[in-house]
Amino acid sequence: MTDGIANDRLQKLQAMRAAGQDPFPARVARGQPIGELLPDFAARIGQVVTIAGRLGVVRDFGKLRFAHVADRTGSLQVGFERDRLPAFWQNRKQVEGNDLVSVTGTLGTTQKGEPTLWASTVELAAKALRAAPEKWHGLVDTEQRYRMRYVDLFANPDVRQAFATRSKIVREVRHYFDSLGYLEVETPILQPIFGGASARPFVTHHNALDMQLYLRIAPELYLKRLIVGGMERVYEIGRVFRNEGISTRHNPEFTMLESYEAWADYRDIMARVEGLFGHLVTTVLGGKGVVTFRDKPYDLKPPFQKARYLDLFAQQNPGVDWFDHASCLRRARELGLETDGIAPSKLANDVFEATVEDTLQGPIFVHDYPVAISPLAKRMADDPRVTERFELFVAGMELGNAFSELNDPIDQEQRFTEQVAHKDDETPGEVDVDYVTALEFGMPPAGGLGIGIDRLCMLLTGTTSIRDIVLFPLLRRLEANPEAPPAGAADAPQP
RNA sequence: GGGGGCGUAGCUCAGCCGGUAGAGCAGCGGCCUUUUAAGCCGUAGGUCGCAGGUUCGAGUCCUGCCGCCCUCACCA
């Protein structure tokens, strides 16, 4: 045995080829979905049908064998009888567990009443050269599950179910916005200037244009150009990329929903978010609004609680003034936070995150954020230090971010200039002049929203690690990396 | 990056205080026409993550490295 390929399976494959049988035929008799057969099985007894799928463990009785066949919709026991399958019987062991097969036969039951397809024709659809994981435990090793998701998926039905639910969630998000007259659009992933969020970008290069490009950290600035263009209601569901740490809540590429609606403000968007959750509770959770996440229940049925950002800050940090750097610094040190080289507004927000975020079990809208940490949001008319912005928190996890969009090009340019002046790795090195130009042509008042789809799916499915709701989470590659050879690699022949 | 844990057969896991590497499932050879974690008899399968060290002797103890998980930090 080498590298997981079983020699005996290879030998069977070669024996079949030698006998003129193709172990990977282009087509076999197509099956009907197994799930269609099961609900009224009793009424179907006697019918001749074909099913196709992956073969489970074979239970051998000498002149009779049983095995389940599973397709995407379900699984059904197949009975193989020597007397009904004389041709197949001779080489029956060439078809074994984990092979893909197409089986035609008569629906019936066993003596114990198990629904069974009594086979009359068996076709090998594709030979499996590797055995399936153990039937009882499935594939358990987390690393193997992520690295070999294809095995995880066929071996662990719960995993397939989780991704089917993710698919449904995304579909229902689309339905919700479509029903409100939003247009789904696609904007650039390769961007010459990155913006719309604060995060380190991935950097790449276009050869023909000899141009440095960034993978987007957010689609925001392009979507708002569309609002200027008169599209009025747009949304995008797409991948964004942030060159930062990996954790149970962070994957370097993740799926973001962003929506923008002209003539709406952040109060309207709050209602949209509640509408969206109401829709998801009905369609995805079957009306039951309570989900369990990290062993705690959360009621996702709107309406949601609301609290002002500065009120929450004051509650957890009595005597500390968010806008007073000295008092925030004192508090940050008390909390043991990193304070060196941190901008005052960021430091104040760090204090907020350290003291408030974990208390936000929610669902709760935290609203009216300081302008210094909200460079793209419109100021409140009666207090220019804060903006018309809210974030949605559930289980201490930030799920969404929304605001009345800043459409004053002069204010916007000043804020961009301010950012560039205090540039760090997470801010672009130049002002997005074209975006300011777009605003100069006039953008209607608008409300925008961003929701992390992966985290939304985690919440709705009770999944605690983002890797369990992303099909192929980023992992370090196993092969020797020339920059970091494994110990002992010096003895290996160099290519 | 810090702390903790894990890595043994294709899969799931034992392996105690250092003394010749094990089981179940899958496989192979048998028996069995109603099983469904089938059963019974037999058989094969190992770079114990990698590399060093200590020792008469290392899966086990020590060091370094690789990978994964958890956690903290980072992270709108």
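Letters A, B, ... mirror the listed sequences (proteins, then strands); counts begin at 1. Just so it is clear, the values below take in all heavy atoms, side chains as well, and ignore hydrogens, waters and symmetry mates. Here the structure is a predicted model, which is why all the values come from computation and not from measurement.
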Visitor: Any heavy-atom pair between the side chains of A:Asn98 and A:Phe154 that's under 4.5 Å?
Guide: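 Side chain of A:Phe154 against side chain of A:Asn98, heavy atoms only: contact under 4.5 Å found.
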
Visitor: Sorted by first residue and then second, give each salt bridge (Lys or Arg N to Asp or Glu O under 4.0 Å) pair with at least one member in residues 360-379 of chain A; sequence neighbours left out.
Guide: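 Of all non-adjacent pairs touching residues 360-379 of chain A, those that pass salt bridge (Lys or Arg N to Asp or Glu O under 4.0 Å) are A:Arg308-A:Asp368, A:Arg379-A:Asp411.
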
Visitor: Would you say the side chain of A:His137 and the base of B:rC11 hold a donor-acceptor pair, judged only by whether the two atoms sit under 3.5 Å apart?
Guide: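 Checked by distance alone, the answer is no.
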
Visitor: Starting at atom CD1 of A:Ile466, determine the distance to atom P of B:rC70, rounded to an integer number of angstrom.
Guide: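 Distance, rounded to whole Å: 12 Å.
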
Visitor: Once you apply the 3.5 Å cut-off to both distances, tell me the Watson-Crick or G-U wobble partner of B:rC11, or none.
Guide: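 Here B:rC11 is engaged in a pair, and the nucleotide opposite it is B:rG24.
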
Visitor: May I have the distance from A:Arg467 (atom CZ) to B:rU71 (atom C1'), rounded to whole angstrom?
Guide: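 Result: 12 Å.
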
Visitor: Can you tell me how far P of B:rA26 sits from CZ of A:Arg65, to the nearest Å?
Guide: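 It works out to 12 Å between those atoms.
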
Visitor: To the side chain of A:Val57, which of B:rU12, B:rA38, B:rC70 is closest?
Guide: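 The answer is B:rA38.
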
Visitor: May I ask you to check whether A:Phe304 and A:Phe277 place their ring centres under 6.0 Å from each other?
Guide: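 Yes; A:Phe304 has its ring centre under 6.0 Å from that of A:Phe277.
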
Visitor: Which parts of residues 141-152 of chain A get close to RNA chain B, meaning a heavy atom less than 4.0 angstrom away?
Guide: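 By residue number: A:Asp141, A:Thr142, A:Glu143, A:Gln144, A:Tyr146, A:Arg147.
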
Visitor: May I have the distance from A:Asn91 (atom CG) to B:rC28 (atom P), rounded to whole angstrom?
Guide: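 Atom CG in A:Asn91 sits about 13 Å away from atom P in B:rC28.
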
Visitor: Write down the distance between CZ (A:Arg59) and C1' (B:rA26), rounded to a whole number of angstrom.
Guide: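 That distance rounds to 14 Å.
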
Visitor: Answer with yes or no whether A:Glu96 presents, from its side chain, a donor or acceptor under 3.5 Å of a partner atom in the base of B:rG27.
Guide: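 Flag unset: no donor-acceptor pair detected.
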
Visitor: Rounding to an integer number of angstrom, what distance separates B:rG3 and B:rC65 when you compare their P atoms?
Guide: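 These two P atoms come out 11 Å apart once rounded.
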
